[in-house]
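In what follows, a single structure is set out as structure tokens and then discussed.
Keep in mind it's a predicted model, so treat the numbers as computed, not measured. Chain identifiers are assigned alphabetically (A, B, ...) following the order of the sequence lines, protein sequences preceding nucleic acid strands; residue numbering begins at 1 within each chain.
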Protein chains: 2
Amino acid sequence: MDTLARTADDVELDRLNGALGFLLRLAQLKVYEHFFAEVGGRDLRPGEFSVLWVIRCNPGIRQSMLGQRLMIKRAHMTKLIRALEDRGLVSRCIPDEDRRAVELTLTAVGRTAIDEAAEWFFTYEDGVGANMSAAERKQLLDLLHKFIGL
Amino acid sequence: MDTLARTADDVELDRLNGALGFLLRLAQLKVYEHFFAEVGGRDLRPGEFSVLWVIRCNPGIRQSMLGQRLMIKRAHMTKLIRALEDRGLVSRCIPDEDRRAVELTLTAVGRTAIDEAAEWFFTYEDGVGANMSAAERKQLLDLLHKFIGL
DNA sequence: TAAATATTGTTTACAAGGAAACAATCTCTC
DNA sequence: GAGAGATTGTTTCCTTGTAAACAATATTTA
């Protein structure tokens, strides 16, 4: 508490060690660091990949639902989708049943792009948590599923 | 794969279900949502709280080390600290041993503020993961510690 | 059916956070 | 000890993401 920390591991976190939200934030920052170190040079960021992937798995999904599932706010989703549309990866379609909504599908180019990206993306993802045993990693996955409510 | 998702739970994530980085991002977004819903009106955000808390636990800690531990980049740390200094919570001191560095301590006001904030902050943190059993929550904490390398 | 309310996506204006270039200081090597 | 290189913090500019107001369409209520 009163000895000055000389190295990063000496830093005392005290009660933050038991703070779940805090640890999740740190974990996520570590993931990002890892991501940009390994595959930062690619043309898809994590958010963009997940959007394309989910559209691929759910063709015709509406923007609002995509946002709900990926926890992306509407204002931001609009920009993301427009950028992907401008790159020719996604196409937007307004359904007759609800002319406010937008239904999303991949273009042929988008499908090719995501299939190609999936190779390196999931390879990278498999490397996340490489400092844990397979059993621990699996346990962490399961607990996160439960935490998220998925 | 080809049935259009009607509700958010119907959205198929497929391989993303096993992607640790992706799940951590989702978990963290859920934490933030929870935070702003519950204690968003307070005058300290999660990042600010953690900075003040760690300074409290490690008086005289240097900016660089604080940033390393909390994974906050130097450019951003500068702004954070200046804002906290402007609010009279933190004081900066340049040590004689290394005149490039900045050593951080709390002001009396800062100490009072963080002690007061700690009440609601940790109460809030205890509510994170309330949908899990105590054992699961503990397990998640331990696994995150290991994942982060703490 | 007409008016009130809710939902969906967009726009605009801003806050949070990062990358790169910089200045100051320290350390290492010769 | 003089110069090369590393470290620390700051500044500037840019990207990512959000909040709030808005427009268009649906739904509910009277």
Side-chain angles (χ1 to χ4, degrees), chain A residues 5-8 25-26 28-37 40-41 43-51 60-87 90-104, chain B residues 5-8 25-26 28-37 40-41 43-51 60-87 90-104:
Chain A
R6 295 266 159 230
T7 132
R25 188 158 68 92
L26 235 50
Q28 211 257 326
L29 289 173
K30 201 192 168 199
V31 168
Y32 259 66
E33 199 170 85
H34 186 219
F35 180 90
F36 287 112
D43 53 355
L44 286 179
R45 253 95 34 65
E48 294 172 330
F49 179 89
S50 64
V51 163
I61 191 175
R62 300 207 176 160
Q63 230 171 271
S64 57
M65 199 162 316
L66 182 60
Q68 275 176 51
R69 180 77 297 169
L70 298 181
M71 301 222 237
I72 297 173
K73 299 283 186 301
R74 279 172 308 159
H76 184 39
M77 183 61 81
T78 295
K79 295 181 201 175
L80 269 178
I81 295 300
R82 176 155 48 217
L84 294 173
E85 194 186 18
D86 288 348
R87 288 168 66 181
V90 164
S91 84
R92 295 149 35 96
C93 170
I94 290 159
D96 279 345
E97 318 91 76
D98 188 342
R99 314 228 357 268
R100 297 167 301 181
V102 174
E103 290 181 352
L104 303 167
Chain B
R6 294 267 159 233
T7 132
R25 189 159 66 94
L26 236 50
Q28 211 257 327
L29 289 173
K30 201 192 169 199
V31 167
Y32 259 65
E33 199 171 85
H34 185 218
F35 181 89
F36 287 112
D43 53 355
L44 287 178
R45 252 94 36 65
E48 293 172 331
F49 179 88
S50 63
V51 163
I61 191 174
R62 301 209 174 157
Q63 228 170 273
S64 57
M65 198 162 318
L66 182 61
Q68 274 176 51
R69 181 76 298 170
L70 298 181
M71 300 220 237
I72 296 173
K73 298 287 185 298
R74 278 173 308 162
H76 184 39
M77 183 62 80
T78 295
K79 296 178 202 175
L80 270 177
I81 295 298
R82 176 155 50 216
L84 294 172
E85 194 186 18
D86 288 348
R87 288 167 67 180
V90 164
S91 83
R92 295 148 35 97
C93 170
I94 290 159
D96 279 345
E97 319 91 76
D98 189 343
R99 315 225 358 268
R100 297 166 302 180
V102 175
E103 291 181 350
L104 303 168

Tell whether A/Arg100 reaches the base of C/dG9 with its side chain through a donor-acceptor pair below 3.5 angstrom. no
Indicate whether OP1 or OP2 belonging to C/dG9 is found under 4.0 Å from a side-chain N or O atom of A/Ser64. yes
Any N/O donor-acceptor pair, B/Lys79 side-chain to D/dG9 base, under 3.5 Å: no
Could you tell me how far apart B/Arg74 (CZ) and D/dT7 (C1') are, to the nearest whole angstrom? 8 Å
Out of curiosity, B/Ile72 CD1 to A/Leu26 CG, how far, rounded to the nearest 0.5 Å? 9.0 Å
Which whole-number value in Å describes the distance from B/Glu48 CD to C/dA15 P? 13 Å
Separation of B/Met77 atom CE from D/dT11 atom C1', in whole Å? 17 Å
Please give, in whole Å, the distance from C/dG18 P to A/Phe35 CZ? 15 Å
Do any side-chain nitrogens or oxygens of A/Arg92 fall under 4.0 Å of OP1 or OP2 in C/dT10? yes
If each of A/Arg99 and B/Leu29 is mapped to the nucleotide of DNA chain D with the nearest heavy atom, which maps nearer the 5' terminus, i.e. the 5' end? B/Leu29
Helix axis bend for the helix from C/dT1-D/dA30 to C/dC30-D/dG1 - C1'-based end axes, five pairs, 10° rounding: 30°
Between D/dG9, C/dG18, D/dG17, which nucleotide has the shortest distance from any of its atoms to the side chain of A/Tyr32? D/dG17
